[in-house]
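Here is the structure we will look at.
Note that ligands are numbered from 1 as they come in the structure, with each ligand's atoms numbered from 1 the same way. Residues take their numbers from the sequence shown, with the count starting at 1.
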Amino acid sequence: MSGDFTEEEKNGLYKAVYSRRDVRAHFTSEPIEDKILTKILNAAHHAPSVGFSQPWNFILIKSTSTKKKIKESFEKEKTRSSDMVKEPRKSKYLSFKLEGILDSPVNICVTYDPSKFGPFVIGRSSIPETGIYSVCCAVQNLWLAARTEGIGLGWVSILSNETLRETLKLPDHVVPVAYLCLGYVDEFAQKPDLESSGWLPRLDLKDVVYYEKWEQKDSPEWNQIHEMIRTNLDYA
Ligand SMILES: Cc1cc2nc3c(=O)[nH]c(=O)nc-3n(C[C@H](O)[C@H](O)[C@H](O)COP(=O)(O)O)c2cc1C
């Protein structure tokens with residue numbers, strides 16, 4: 001079956017993909033309705049997962065005291081990690097706003113539970129990381145669904161997993177994968193903040209596509225697409 005998406009529906013999907021942003025600031029005071037949050041969570045829950053293990057859980061957080069503990073961990077980790085960067089980038093790094101924990105109405109911790117439907121999960125026996133990859137697929141679904149609803153989402157990874165474990169009372173076998181901050185925003189930036197600020201550029205597609213072998217940048221069998229990708233034609 002090809003073409004069961006109309007042009008309009010396809011455009012909707014690509015719009016969500018290209019206009020999704022990591023959002024850490026400018027959340028409005030509008031609360032997220034439970035119905036919308038349910039829809040977004042359900043989209044996440046329909047992500048692919050290795051062996052259909054659905055190894056995710058979503059911990060919904062609005063308690064200010066919990067958020068404050070997480071924010072403290074962020075501050076500590078941000079300072080600690082800044083020692084890994086030399087000036088002038090260190091000051092630039094420290095000037096970035098890299099979380100919206102207290103500014104956003106809803107925080108969600110997405111976790112990985114390897115014991116779900118285990119220990120044997122089809123497809124996970126050779127590459128155990130596929131469990132975590134599955135949780136990341138759920139996060140991406142959640143991110144795109146939120147974007148479609150006009151809800152900004154920021155992923156905060158400058159955190160201590162130990163703090164997350166203690167604060168959220170995670171059992172030892174459960175791994176925190178993503179800490180997300182969600183809230184409505186009036187607009188989404190055109191480009192990633194780290195691109196606009198000159199921290200890093202977006203790579204050209206041509207520089208990340210190889211043909212047949214690692215670092216092989218062209219091949220006769222791939223001529224046409226190679227040319228399209230090289231000349232930046234029509235893919236955005
Ligand atoms: C696994 C992961 C962890 C991230 N952690 C942080 C973070 O701690 N703080 C932050 O501000 N952004 C974080 N981001 C967001 C990225 O910086 C952002 O996705 C990237 O700059 C591209 O911007 P865009 O998402 O707006 O396209 C994270 C993104 C991912 C996928």
Side-chain angles (χ1 to χ4, degrees), residues 13-27 40 43-44 47-48 55-56 58-59 61 67-85 89-104 106-112 129-164 167-168 175-205 207-208 235-236:
L13 177 70
Y14 287 117
K15 179 174 174 182
V17 167
Y18 290 120
S19 67
R20 182 210 51 77
R21 285 278 76 81
D22 187 87
V23 176
R24 308 108 189 198
H26 309 300
F27 293 104
I40 293 172
W56 41 71
F58 305 95
I59 306 179
I61 299 155
K67 288 179 178 176
K68 279 187 176 157
K69 283 185 199 148
I70 309 293
K71 173 82 186 253
E72 260 171 45
S73 171
F74 165 81
E75 296 293 359
K76 235 194 242 168
E77 290 299 312
K78 189 177 180 193
T79 308
R80 198 180 61 80
S81 54
S82 71
D83 287 338
M84 299 171 185
V85 206
R89 274 170 88 77
K90 178 174 177 166
S91 299
K92 197 165 187 182
Y93 168 59
L94 286 169
S95 74
F96 289 144
K97 172 138 173 60
L98 297 174
E99 55 72 43
I101 300 166
L102 289 164
D103 322 62
S104 60
V106 174
N107 291 185
I108 303 179
C109 183
V110 191
T111 56
Y112 169 53
E129 296 87 343
T130 48
I132 300 262
Y133 301 163
S134 305
V135 177
C136 293
C137 291
V139 173
Q140 180 70 346
N141 269 15
L142 201 156
W143 212 333
L144 291 172
R147 173 63 189 90
T148 308
E149 298 291 349
I151 293 170
L153 181 157
W155 184 328
V156 191
S157 57
I158 306 168
L159 285 179
S160 137
N161 268 355
E162 272 323 296
T163 304
L164 285 176
T167 313
L168 304 175
V175 184
V177 175
Y179 194 86
L180 311 173
C181 304
L182 284 85
Y184 283 102
V185 283
D186 287 331
E187 59 175 338
F188 290 82
Q190 294 274 324
K191 290 179 173 184
D193 291 349
L194 294 182
E195 185 178 5
S196 306
S197 63
W199 182 259
L200 285 177
R202 183 178 297 284
L203 299 171
D204 282 342
L205 182 62
D207 294 327
V208 296
Y235 58 81

Which heavy-atom pair separates Phe27 from Cys181 by the least distance, and what is that distance? CZ-O, 4.2 Å
Over 60° means perpendicular and under 30° means parallel, so classify the ring planes of Phe58 and Trp56, tilted if in between. tilted
Within ligand 1, which atoms have a heavy atom of Ile158 less than 4.0 Å away? 8 (O)
Both conditions, 6.0 Å and 45 degrees, for the charged tip of Arg21 above the ring of Trp143: are they met here? no
Hey, are Asp193 and Arg24 close enough for a salt bridge, meaning a charged N less than 4.0 Å from a carboxylate O? yes
Tell me the protein heavy atom at minimum distance from atom 24 (P) of ligand 1, and give that distance in Å. Asp22 N, 3.5 Å
Should you measure from each heavy atom of Val156, which atoms of ligand 1 turn up under 4.0 Å away? 7 (C), 8 (O)
Between ligand 1 and Lys97, is the shortest N or O to N or O distance under 3.5 Å? no
Is Arg24 touching ligand 1 with its side chain, its backbone, both, or neither, if touching means heavy atoms under 4.0 Å apart? side chain
Got an N/O contact under 3.5 Å between Leu98 and ligand 1? yes
Do the charged groups of Lys71 and Asp103 touch, with an N to O distance under 4.0 Å? no
Examine Arg147 relative to Phe188 and say whether NZ or CZ is less than 6.0 Å from the centre of the six-membered ring and inside a 45° cone about the ring axis. yes
Determine if the distance from atom 20 (C) of ligand 1 to the closest protein heavy atom is below 4.0 Å. no
Any Glu195 heavy atom less than 4.0 Å to ligand 1: no
Hey, does Arg202 come in under 3.5 Å of ligand 1, counting only N/O atoms on both sides? no
Nearest non-hydrogen partners of Gly152 and Val23, listed with the distance: CA-CG2, 3.8 Å
Tell me: protein heavy atom nearest atom 6 (C) of ligand 1, and distance? Trp155 O, 2.8 Å
Counting neighbours of NZ on Lys76 that are heavy atoms of other residues, nucleotides or ligands and sit closer than 6.0 Å, is the number greater than 12? no
Protein heavy-atom partner closest to atom 5 (N) of ligand 1 - residue, atom, separation in Å: Ser157 OG, 2.7 Å
Evaluate the criterion side chain to side chain donor-acceptor pair (under 3.5 Å) for residue pair Tyr112 and Ser134; output intermediate values, then yes/no. CA-CA 9 Å; Tyr112 169 53; Ser134 305; over 6 Å; no
Using a 4.0 Å heavy-atom cut-off, say whether Leu194 meets ligand 1 through its side chain, its backbone, both or neither. side chain
Among all protein heavy atoms, pick the one closest to atom 27 (O) of ligand 1 and tell me residue, atom and distance. Arg21 NH2, 2.8 Å
